[in-house]
Novice: 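Pasting a structure here, questions to come.
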Amino acid sequence: MSDKVIKNVVITSMVKVTDGIYSMWIKDKDLACNAKPGQFVSLYCKEGSQLLPRPISICEIDRENETLRLVYRVVGKGTKEFSKMNAGDTIRVMGPLGNGFTLEGKKAILIGGGIGIPPMLELAKSLDCEVQVVLGYRNNDLFLKDEFTPYGKVIVSTEDGSVGTKGNVIDAIREKDVQGDIIFACGPTPMLRGVKAYAQEKGLKAQLSLEEKMACGIGACLACVCQSKEVDSHTHVKNKRICKDGPVFYAEEVEL
Amino acid sequence: MSVNMKVNIAGVEWNNPVTVASGTFGSGAEYSDFVDLNQLGAVTTKGVANVPWQGNPTPRIAETYGGMINAIGLQNPGIDVFAKRDIPYLKQFPDTRIIVNVCGRSIEDYCEVVERLADEPVDMLEINISCPNVKEGGIAFGQDPKAVEAITKEMKQRAKQPVIMKLSPNVTDITEMAKAAEAGGADALSLINTLTGMKIDVNRKTFALANKTGGLSGPAIKPVAVRMVYQVAQAVQIPIIGMGGIMCAEDALEFIMAGASAVSIGTANFHNPNVTLEVIDGMKQFCEKNGVKDINDLVGCVK
């Protein structure tokens with residue numbers, strides 16, 4: 001039996017982190033107990049014209065207080081609806097979903113780009129090894145950056161060069177000569193492509209967290225597939241389901 | 001008051017008139033965390049072809065107002081894996097009928113799958129001649145009455161199970177297709193499949209789906225579907241499985257009253273994985289409240 005649940009849960013806090021990015025804590029014992037870093041939840045809208053659940057990565061897990069933190073960007077009507085909710089409101093949620101990261105390595109390089117940064121926070125907390133965090137931003141709006149400092153060295157790249165290395169996360173890794181034995185990454189597909197190439201070049205293991213438009217979130221509808229090197233367990237055609245077989249894959253497993 | 005919820009579709013008895021729309025529910029395994037599959041009237045599987053199909057590039061889905069468009073492209077493992085894995089899985093739920101949705105790129109493809117299923121323990125076949133998302137096959141067979149009749153005959157010659165033809169709404173007059181299927185010997189009809197649609201991402205100046213077009217489903221299409229079920233019910237004698245945007249028991253009852261003997265729930269599963277059981281329960285409650293002893297008494301009651 002799966003440990004997935006679907007239920008209405010209470011929002012214990014809703015805070016605007018920066019322009020267009022919000023942080024929500026939700027309270028539920030089952031979710032908090034079962035969730036692992038790198039998994040996600042599906043949030044359902046109250047507005048009936050928005051039928052599909054929104055997949056949101058898990059940013060932090062607080063088992064003691066039985067809460068989960070979700071940090072998300074407002075990109076459409078659904079996430080806009082969530083951003084207008086307040087502490088005390090209830091929200092329908094299904095989760096935890098997906099496989100999550102495999103905790104491994106002795107010296108890890110965690111790479112987050114944009115809204116791929118939040119899931120790296122719980123991972124940084126969970127890893128039992130030396131952690132280095134490389135965060136890619138557009139500009140000097142460095143959301144969540146300071147929250148990583150207790151867990152390891154933090155390196156920043158910005159597209160406009162306002163803070164840290166000008167360029168992308170790989171530019172920063174090269175400039176600062178960041179060394180490690182494993183990479184964990186979440187971010188836009190072009191970034192993941194760059195991370196995969198870098199990992200191959202350096203002979204490093206890399207776990208990548210992918211994103212795609214989803215409908216069911218549980219592996220039934222086959223909307224969110226990615227091309228895989230090996231045949232998938234469902235269709236046997238090299239199309240792995242990001243929601244169920246992923247969202248985390250080893251770099252060599254997937255074609256980006 | 002006890003209400004009879006059993007229905008008989010082309011000689012196959014279902015415990016209640018609710019199944020799932022092909023493609024929204026896999027073969028049920030993924031939903032079994034939320035739904036006791038034994039409680040469903042039937043499980044209608046994702047379309048299965050003679051060989052594995054890769055499906056379309058992503059993005060394959062996009063939400064639209066009150067609905068969604070999809071262009072999955074009938075990704076499926078082919079009949080060999082399906083027969084070995086999915087049929088035994090579904091046989092674990094003896095109270096639920098098994099309807100296998102069949103797809104193909106050519107008449108020969110469809111025939112091969114139907115022949116392979118002849119000796120499998122499945123209850124009914126649903127022939128998908130209406131998928132708008134594959135270039136060859138699918139809808140090509142569903143938009144011309146002569147082709148509908150011809151493929152129906154081919155299926156009937158080979159099938160050992162009752163044959164349900166699934167019709168496309170993307171036609172000028174759906175009753176022509178329904179009559180052609182009936183003339184070809186169809187035992188039942190499923191309608192409607194999705195309506196061909198398009199969404200444009202204005203910020204990226206591109207199509208929301210890699211396939212450009214996709215099939216529109218969800219409550220946005222329900223009035224069209226109810227109208228078509230009503231029209232087809234007036235035009236043919238064979239039973240109809242009605243579908244298109246059912247979100248709740250009241251929606252399902254609309255289809256029943258328009259002339260459907262059973263209903264399929266599709267997109268709503270994505271919104272609420274438990275919706276099928278809620279619809280069954282809600283229909284039963286409606287009957288109890290309104291003194292209806294048999295759900296079949298409501299079929300086509302609105303003329």
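Note that the structure is a prediction, hence the values are computed from the model and not measured. Chain identifiers are assigned alphabetically (A, B, ...) following the order of the sequence lines, protein sequences preceding nucleic acid strands; residue numbering begins at 1 within each chain.
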Novice: Using non-hydrogen atoms and a 4.5 Å limit, figure out which bit of B:Tyr65 sits close to chain A: side chain, backbone, both or neither.
Specialist: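 For B:Tyr65, the contact with chain A is made by backbone and side chain together.
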
Novice: Going by distance alone, is a donor N or O of one side chain under 3.5 Å from an acceptor N or O of the other, for A:Ser157 and A:Asn168?
Specialist: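 No, no side-chain donor-acceptor pair sits under 3.5 Å.
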
Novice: Checking side-chain polar atoms at under 3.5 Å, does A:Thr79 have a donor or acceptor matched by the opposite partner on A:Arg73?
Specialist: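 Side chains of A:Thr79 and A:Arg73: no pair found under 3.5 Å.
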
Novice: If you tally heavy-atom pairs under 4.5 Å against chain A, which of B:Pro57, B:Gly55, B:Gly67 wins?
Specialist: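 Sorted descending by pairs with chain A, the first entry is B:Gly67.
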
Novice: Parallel, tilted or perpendicular: which fits the ring planes of A:Tyr72 and A:Tyr22, with parallel below 30° and perpendicular above 60°?
Specialist: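 Judged by the thresholds at 30° and 60°, the geometry between A:Tyr72 and A:Tyr22 is parallel.
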
Novice: Hey, is B:Lys46 close enough to B:Asp86 for a salt bridge, meaning N to O under 4.0 Å?
Specialist: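 B:Asp86 and B:Lys46: not salt-bridged.
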
Novice: Closer than 3.5 angstrom, by distance alone: can the side chain of A:Ser23 be matched with the main-chain N or O of A:Val17 as a donor-acceptor pair?
Specialist: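 A pair under 3.5 Å: no.
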
Novice: Please rank B:Thr24, B:Asn76, B:Thr267 by heavy-atom pairs under 4.5 Å with chain A and give me the top one.
Specialist: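 Answer, by heavy-atom pair count under 4.5 Å with chain A: B:Asn76.
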
Novice: Non-hydrogen contacts under 4.5 angstrom with chain B: give the residues of residues 216-233 of chain A involved, or none if there are none.
Specialist: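 Hits under 4.5 Å: A:Cys216, A:Ile218, A:Gly219, A:Ala220, A:Cys221, A:Leu222, A:Ala223, A:Val225, A:Ser233.
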
Novice: With a 4.5 angstrom heavy-atom cut-off, is it the side chain or the backbone of B:Ser27 that approaches chain A, or both, or neither?
Specialist: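 Contact with chain A: none, neither part.
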
Novice: Does B:Glu278 have any side chain to side chain contact (heavy atoms under 4.5 Å, CB included) partners at least two apart in sequence or in another chain, and if so, which?
Specialist: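 With sequence neighbours excluded, B:Glu278 shows a side chain to side chain contact (heavy atoms under 4.5 Å, CB included) to B:Asn272, B:Asn274, given in chain and number order.
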
Novice: Please step through salt bridge (charged side-chain N to carboxylate O under 4.0 Å, His left out) for the pair A:Lys240 and A:Asp245, ending with a clear verdict.
Specialist: CA-CA 6 Å; A:Lys240 292 202 174 174; A:Asp245 306 318; over 6 Å; no

Novice: Is a side-chain donor-acceptor pair under 3.5 Å present for A:Asn139 with A:Thr158?
Specialist: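 There is no such pair between these side chains.
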
Novice: Indicate yes or no: does A:Arg54 engage B:Glu63 in a salt bridge with an N to O separation below 4.0 Å.
Specialist: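 A salt bridge is present here (some side-chain N lies under 4.0 Å from a carboxylate O).
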
Novice: If you check every heavy atom in residues 207-214 of chain A against those of chain B, which residues fall under 4.5 Å?
Specialist: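 Contacts with chain B: A:Glu212, A:Lys213, A:Met214.
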
Novice: Do any side-chain atoms of residues 200-207 of chain B form donor-acceptor pairs under 3.5 angstrom with protein atoms, and if so which ones, sequence neighbours left out?
Specialist:
unit_1	atom_1	unit_2	atom_2	d
B:Asp201	OD1	B:Asn203	N	3.1
B:Asp201	OD1	B:Arg204	N	3.2

Novice: If we count only N and O atoms by modelled type, under 3.5 Å, do the side chains of B:Glu126 and B:Ser190 hold a donor and an acceptor together?
Specialist: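 Per modelled atom types, B:Glu126 and B:Ser190 side chains form a pair under 3.5 Å.
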
